[in-house]
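Residue numbers begin at 1 in each chain, while the letters A, B, ... track the order of the sequences. In this text, all values refer to a predicted model and were calculated from it rather than measured experimentally.
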Amino acid sequence: MRKPLISAENLEYCEEDGNCLFTEVSFSLEWGQRGVLLAEPHRCANILLKICATLFQPTNGTISWFGRSAEESDEKWLHHVRRRIGFVHRETSLISNMTILDNISLGIQYHEELIREQAYDRITEVLKQFELYEYRLLRPAALTFEQRRLAVYARELVKKPQLFLLEHPSLDLGERVYSFLLEVFKKCSIEDGCGFLVASMIPEVVNRWGDWVMVFDQGRCRHFEVGQFDPSIYRESMRRRGTTVSREWRNG
Amino acid sequence: MPAGNYLHMVTGFCGRWIIQKLNRLGEILGFFVVCLKTALRYRTTGQRLMARTFIQQIYFTGVQSLELICIIALLVGGLVVIQGIAQLTRVGSRDVLASLLTVVIIREVGPLLTAVVVILRSGSAIAIEMGYMTVLGEIESIEMQGIDPLHFLAIPRLVGVTLAVISLIVFFNVVSIFGGFVSAWALVDIPFWALFSDLAREVDGIDIIVGSVKALMFGLTIALVCMFHGFRTGDAITNIPPQVSRAMVDCFILCIFFNVLISALFYL
């Protein structure tokens, strides 16, 4: 039996001033599964995703990727794991002094020792699929927000990752592009068994992305199966607490 | 306030300053060790990409500085000869002009001025670039490609800047001596060949070794210190100017310190 893509046990993250953003977070994401983290404040989800992406270390608790825990992993293995993770969070950016071509093919050029042209050939298909081909020689600053976001997704997809960590996946994307992206991810999930961990503060995301939901509530988390979770109750509880949760304008 | 209290304050301030500087020097040395380990760990990975970054760094630090170095070197060479002639004529020792050129330019001013130019031109650029990359999340993006940012960003710059500084110091010395020769010939009609043969007699192996050691130390110091401060920028764009300023000051102080240390070790 395949080991879970990622599993966490009693994760806790506290800042230097002792303020703990979350405690006792446990979950497991199997192959082909989709999990949603609903969080207010959004920072909880951002930090948790960075821990899942091996970029941050939790204050307490254990986390494993592909069956191997952080304690058993050295720096080299963590770099290897990162290649198997597609990570797009709200601050994810392209490298500003590289063209879109170089940004997307960076990982391939580095790890597979390909010459530039070979690497470019490998990503031409993806560039065309993401409608970025004609912008391939431009730097990120010359692109729209939506195109930049798409380029980030394209960069992560060419790695052929098995685990996707996405923070508010519809950010900066129009409806057509978002639907297209959902189709691409759906294909990944069905054909390659990729798992998705999606963080958002918009409860309707669950309808599109979730097999299970984890709701952060004042630093603690509660698990729901998708059928048990009612977005309107979450929205109401947020409203009572004085938080306005924006509505995803697309039809759930 | 009693005089003892003032003394206490001053010694306390000096002590804290020294400890702070030593701590930072320790951190920079630690950074160097981590860079070396990273270079060894990934020595067979990403060589094409690294080579490209390395060539770009050599071009930016070395080739693009040539014009500026050339102007400064010519002027400094001329200046040393003008002052040398003015002072040495008074004591009737104009024949030690070549010796003065060797001592002032090859041993001290050449390496130091080249280092200052590289600090101002390339060091600041490296610190700003690393700072921006850190603040904008580009470093994280590189990490998420399974690439060690130290390997991809730091190693080619470290090697590139060091080699560029070594080459620039040699270039500075040659151009500066040429400038000195031209000034000497134009001002007091000392023939080229006479000054050249004096110079060839004055420059010995130790000068070349000292020049090389200084060049190596300055190159490593500039690249390491600037990258170290750039990577420590944190997450606010307002942190970049103070970090760059710290990088410049640290580079300058360390280069002067190494210059004095190496000169003392070899010439005293």
Side-chain angles (χ1 to χ4, degrees), chain A residues 16 43 46 49-50 52-56 74-98 102-119 139-141 148 151-152 155-156 158-161 163-167, chain B residues 31 33-57 59-60 122 125-157 230-231 233-237 240:
Chain A
E16 280 176 10
R43 195 163 140 66
N46 185 273
L49 280 191
K50 285 189 176 179
C52 292
T54 77
L55 293 173
F56 281 19
D74 58 8
E75 192 65 20
K76 205 167 182 173
W77 194 79
L78 287 179
H79 282 294
H80 173 68
V81 165
R82 285 170 194 157
R83 289 171 66 191
R84 298 170 73 182
I85 299 175
F87 183 39
V88 182
H89 64 103
R90 61 187 152 148
E91 299 141 11
T92 301
S93 58
L94 297 161
I95 298 166
S96 49
N97 63 357
M98 284 185 182
D102 280 325
N103 261 293
I104 297 177
S105 64
L106 180 69
I108 304 174
Q109 286 189 53
Y110 181 84
H111 293 290
E112 299 184 27
E113 286 291 337
L114 299 177
I115 58 167
R116 259 179 168 176
E117 287 66 28
Q118 287 172 321
R139 291 191 175 179
R148 268 184 250 172
V152 170
R155 182 184 68 191
E156 297 305 305
V158 296
K159 285 158 58 177
K160 298 196 188 312
L163 167 65
F164 282 92
L165 305 171
L166 310 173
E167 189 181 21
Chain B
F31 180 66
V33 172
V34 174
C35 283
L36 283 182
K37 275 187 185 170
T38 309
L40 287 173
R41 191 187 298 150
Y42 299 104
R43 60 188 173 279
T44 54
T45 319
Q47 286 174 343
R48 281 181 204 275
L49 210 56
M50 306 274 289
R52 209 184 311 153
T53 316
F54 166 73
I55 290 166
Q56 281 170 353
Q57 192 61 52
Y59 178 73
F60 175 67
S122 300
I126 290 172
I128 292 169
E129 189 187 7
M130 295 302 118
Y132 267 106
M133 289 186 87
T134 308
V135 171
L136 298 177
E138 293 179 14
I139 303 280
E140 275 185 1
S141 296
I142 290 171
E143 280 188 281
M144 284 315 297
Q145 298 303 304
I147 300 172
D148 190 321
L150 278 186
H151 186 240
F152 177 57
L153 298 171
I155 305 301
R157 281 168 179 78
F231 280 128
T233 303
D235 54 4
I237 213 138
I240 296 175

(request) Determine whether B:H151 and A:H79 make a side-chain contact, defined as any pair of heavy atoms from C-beta on separated by less than 4.5 Å. (result) no
(request) Among B:I147, B:I142, B:L49, single out the residue with the greatest number of heavy-atom pairs under 4.5 Å to chain A. (result) B:I147
(request) Please flag which part of B:Y42 lies under 4.5 Å from any non-hydrogen atom of chain A: side chain, backbone, both or neither. (result) side chain
(message) Please classify the contact between B:M133 and chain A as side chain, backbone, both or neither, with a heavy-atom cut-off of under 4.5 Å.
(response) side chain
(request) Check whether A:K76 gets within reach of chain B through its side chain, its backbone, both or neither, counting any heavy atom under 4.5 Å. (result) both
(request) Verify, without hydrogens or angle tests, whether B:R157 (side chain) and B:L153 (backbone) share a donor-acceptor contact under 3.5 angstrom. (result) yes
(request) Spell out, as yes or no, whether a donor-acceptor pair under 3.5 Å connects the side chain of B:E138 to the backbone of A:I95. (result) no
(message) Does any backbone or side-chain atom of A:L78 lie under 4.5 Å from a heavy atom of chain B? Answer side chain, backbone, both or neither.
(response) neither
(message) For the interface with chain B, which of A:Q109, A:R83, A:R116, A:H80 has the highest count of heavy-atom pairs at distances below 4.5 Å?
(response) A:R116
(request) Could you give me the CA-CA distance, side-chain angles and deciding distance for A:K50 and A:F87, then say whether side-chain contact (heavy atoms from CB on, under 4.5 Å) is met? (result) CA-CA 9 Å; A:K50 285 189 176 179; A:F87 183 39; 3.9 Å; yes
(request) Measure distances from A:D102 to the heavy atoms of chain B and classify the residue's part below 4.5 Å as side chain, backbone, both or neither. (result) side chain
(message) Check whether A:H89 reaches the backbone of A:L165 with its side chain - one donor and one acceptor, N or O, closer than 3.5 Å.
(response) no
(message) At a 4.5 Å cut-off on heavy atoms, which part of A:I108 comes close to chain B: side chain, backbone, both, or neither?
(response) neither
(request) Starting from the C-alpha separation in whole Å, work towards a yes-or-no answer on side-chain contact (heavy atoms from CB on, under 4.5 Å) for B:I155 and B:F54. (result) CA-CA 8 Å; B:I155 305 301; B:F54 166 73; over 6 Å; no
(message) Quick check on A:I85 against chain B: is it the side chain, the backbone, both or neither that has a heavy atom closer than 4.5 Å?
(response) both
(request) Quick one: do A:T54 and B:E143 satisfy side-chain contact (heavy atoms from CB on, under 4.5 Å)? Show the steps, please. (result) CA-CA 10 Å; A:T54 77; B:E143 280 188 281; over 6 Å; no
(request) Would you mind checking which part of B:T44 comes under 4.5 Å of any heavy atom in chain A, side chain (CB onward), backbone (N, CA, C, O), both or neither? (result) backbone
(request) Look at the side chain of B:E140 and the backbone N and O of B:G137, then say whether any donor-acceptor pair between them is shorter than 3.5 Å. (result) no
(message) So for A:E75, is it side chain, backbone, both, or neither that comes closer than 4.5 Å to the heavy atoms of chain B?
(response) both
